[in-house]
Amino acid sequence: MFFKINDFVKWVGKIDWDLTKFHGEEYSVSRGSSYNSYLIEDEKTVLIDTVWEPFSKEFVQNLEKVIDLDKIDYIVANHGEIDHSGALPDLMEKIPNVPIYCTQNAVDSIKGHYHKDWNFNVVKTGDILDIGKNTLVFIEARMLHWPDTMMTYMSGEDILFSNDAFGQHFASEQMYNDLVADQDELFAEAIKYYANILTPFSKLVINKIKELQGMKVPVNMILPSHGIIWRDNPMQIVEKYLEWADNYKENQITLLYDTMWNGTKRLAETIAKGIKSVDEEVTVKLMNTGKKDKNDVLTEVFKSKTIGVGSPTINQTVLHSVAGILDMIKSLKFRDKNAIAYGTYGWSGESTKIIKEELEKAKFSIIDEPLLVKWNPDEESLKKAFDLGIKISKK
Ligand code: FEO
């Protein structure tokens, strides 16, 4: 299967409708994904990226139907992660001497994965590969999101092969953004992708986009390595990235909690009532971290100006789903957000202190001392929870 993007470029990747988890079990996928590989046929023939290893043989067989493999002059590996380099071993068995253009760090990652010494050609930002009517310009994008990542700009057709950046885990036969019927679905996947993968690198995202803007080159299309192609107003996703990278927040407060006998849940519900009592406009979401998908929870944290994190105390600590989400929150390096801790206990009562400390380590501004309630909340405790909601709202 392939489809023609323009007179020079064909998509030769794989749509993965069945994918439910990515990065092992770390990233949930609810709308499938794709591994986008692109074939450029100019005076020279170039393959940009491949697909994930389970689809390797299918990819090579498919590619053989599209083109005589011996006609491929160059391979560009924008990124060494296995979802894009996974078909290289099978492909290189057929065309072992074809040069692979990639960064020095990609040589390291690709060799590290496959332990093969292929014909690597190291490139840096600004290096150019003349392929006929068009030229390819390489742009290193270190830590977006691996040290090896780069983008490739095809001048002539003004196409940016952006790799993971601007991608989404979104399977669609309608491969262009303007053909996606439900734009909310598309952007929900794009923001989830940003929140869960790119947030720690937001400063680099801004710098890289400014660098790209500084090149003052037209961008007719953005062809990422996952999901749909940005054909209609491609800069809209670039604008979104600039917004998301700039300590993004909406008028939203999210109350995370896990609960054993619903005491901490009642606190969350009452805090929410307190918030809404003084602010009708703010979006308040309650999320049970023991039940909700962790990546959806993190996406809601990304969208929030303030979060609350609640847990009862168990064995002198917090429930495991709260511990896990706090660790993920810390690793994603969210900035410029407020937080509060709350929870119930029966005897030792360490949970809220632990939550507060973890939130401080994650660089959240703590609005107030934790709300710690013994046993099941009574009227007085619920009043404190309601008042805390008011305080959060007014912050
Ligand atoms: Fe889609 Fe970083 O690989």
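Just follow the structure's listing: the first ligand is 1, and inside any ligand the first atom is 1.
- Protein contacts to atom 1 (Fe) of ligand 1 involving N, O or S atoms at a distance below 2.8 Å are Asp83 OD2, His84 NE2, Asp164 OD1, His226 NE2.
- No more than 12 heavy atoms of other residues, nucleotides or ligands shown are found within 6.0 angstrom of CG on Asn315.
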What pairs of donor and acceptor atoms, side-chain ones from residues 388-395 against any protein atom, are under 3.5 angstrom apart with sequence neighbours left out?
residue : atom : partner : partner atom : Å
Lys391  : NZ   : Asp368  : OD2          : 2.8
Ser393  : OG   : Ile275  : O            : 3.2

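- Side-chain N/O atoms of Asn163 and Thr149 include no donor and acceptor closer than 3.5 Å.
- Exactly one of Leu39, Leu136, Asp73 qualifies for a side-chain contact (heavy atoms from CB on, under 4.5 Å) with Val46. That residue is Leu136.
- For the side-chain hydrogen bond (donor to acceptor under 3.5 Å, both in side chains) condition, the pairs that include at least one residue of residues 260-283, sequence neighbours left out, are Thr264-Thr344.
- Sequence neighbours left out, the pairs with a member in residues 320-331 that pass side-chain hydrogen bond (donor to acceptor under 3.5 Å, both in side chains) are Asp258-Ser321, Thr289-Ser321, Lys330-Glu358.
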